[in-house]
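Encoded as C-alpha cells, here's the structure I'll be asking about.
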Amino acid sequence: MSKQAPNEARVIPLRPPAARPGTTRPESERPATPAPAPAATPPAPAPREPLWRDLVGDVLRRERLAQERTLKDVADAARISMPYLSEVERGRKEASSEVLAAAAHALGLGLADLLSQAQGELVRLTSRRAPTGSRTRAGSRHDGMCLAA
C-alpha cells in the first residue's frame, strides 16, 4: 500500500520547478520575451475576377426576362433541357459553343451578340476596379479583349 495520506493526491509537475506559476527566477535567468506585435488588420482579399460562364449566364437570363419568356419556353426552343439551361444561366455549367448558340438563337440573338454583350459586361465590371495606370487605352472600343467561339 502507499505511504501517502488517503486524501492527498500525488502531483507530478509538468514544468521544471522554476517555471511553475508563483515561482520567480532572477532577471538574468528569465528568457527575453518579445513585445506583443500590434494587431494588424489582414489585407483585404483582391476582388474576384468575374467568370465568363457567370457573365454569359447573366446575359441569357437578362435577355429571357426582358422578353418575358419562361425557362421552359426558351429551353424547348433551343432543344436543351430546362435544368441544364437553368444551370447555364446561374453560371454553374460551362456550356459548349453549340449550346450557347442554340440558347442565343432561341432568344433571337446570334452567338456573336451573346458574346459581345457578355464582353461588354466584363469590361464594365473590370473597369470599375482597374488600377490607375492600366495598360488599356482610354476610349478603346475593344479594351484589348479577343474572343473566339
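Here, residue 1 is the first one in the sequence, and each next residue gets the next number.
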Inset, instruction - Check side chain to side chain donor-acceptor pair (under 3.5 Å) between Glu63 and all other residues, then give those that pass, not counting sequence neighbours. - result: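 Scan of Glu63 (side chain to side chain donor-acceptor pair (under 3.5 Å), adjacent residues dropped) gives Gln67.
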Legend entry - All pairs passing salt bridge (Lys or Arg N to Asp or Glu O under 4.0 Å) where residues 67-77 contributes a residue, at least two apart: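 Matches after skipping sequence neighbours: Arg69-Asp73, Lys72-Asp76.
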Inset, instruction - To the nearest 0.5 angstrom, please state how far the CG atom of Leu125 sits from the CD atom of Glu49. - result: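 With rounding to 0.5 Å, CG (Leu125) is 9.5 Å from CD (Glu49).
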Inset, instruction - Taking all non-hydrogen atoms of both residues into account, name the closest pair between Ala95 and Val88 and its distance. - result: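 Looking at all heavy atoms of both residues, the closest pair is CB-CG2, 3.8 Å.
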Legend entry - Pairs meeting criterion salt bridge (Lys or Arg N to Asp or Glu O under 4.0 Å) with involvement of residues 99-113, two or more places apart: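 Not a single pair qualifies under salt bridge (Lys or Arg N to Asp or Glu O under 4.0 Å).
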Legend entry - Residues forming a side-chain contact (heavy atoms from CB on, under 4.5 Å) with Arg92, sequence neighbours excluded: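 Result, side-chain contact (heavy atoms from CB on, under 4.5 Å) vs Arg92: Glu87, Arg90.
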List the atom pairs, donor and acceptor, that lie under 3.5 Å between side-chain atoms in residues 53-62 and the rest of the protein, sequence neighbours left out.
unit_1 : atom_1 : unit_2 : atom_2 : d
Arg53  : NE     : Gly91  : O      : 2.7
Arg61  : NE     : Glu89  : OE1    : 2.9
Arg61  : NH2    : Glu89  : OE1    : 3.2

Legend entry - Pairwise distance CG(Leu115) to OG(Ser97) - rounded to 0.5 angstrom: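 Between Leu115 CG and Ser97 OG, I get 9.0 Å after rounding to 0.5 Å.
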Legend entry - Inter-residue atom distance Leu111.CG - Leu100.CG, 0.5 Å rounding: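 Result: 6.5 Å between the selected atoms.
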Inset, instruction - Could you tell me which residues satisfy side-chain contact (heavy atoms from CB on, under 4.5 Å) with Ala78, sequence neighbours excluded, listed by chain and number? - result: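 Checked Ala78 against side-chain contact (heavy atoms from CB on, under 4.5 Å); matches are Ile80, Ala102, Ala106.
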Inset, instruction - Over all heavy atoms of both residues, which pair between Tyr84 and Glu94 is shortest? Give the atoms and the distance, please. - result: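 Nearest pair, atom of Tyr84 first, then Glu94: OH-O, 4.1 Å.
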Inset, instruction - Compare all side-chain heavy atoms of Gln117 with those of Leu109 and state whether any distance is below 4.5 angstrom. - result: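 The answer is yes, as the side chains (C-beta and beyond) meet within the 4.5 Å cut-off.
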Inset, instruction - Answer yes or no: is there a donor N or O on one side and an acceptor on the other, between the side chain of Ser86 and the main chain of Met82, under 3.5 Å? - result: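 Absent.
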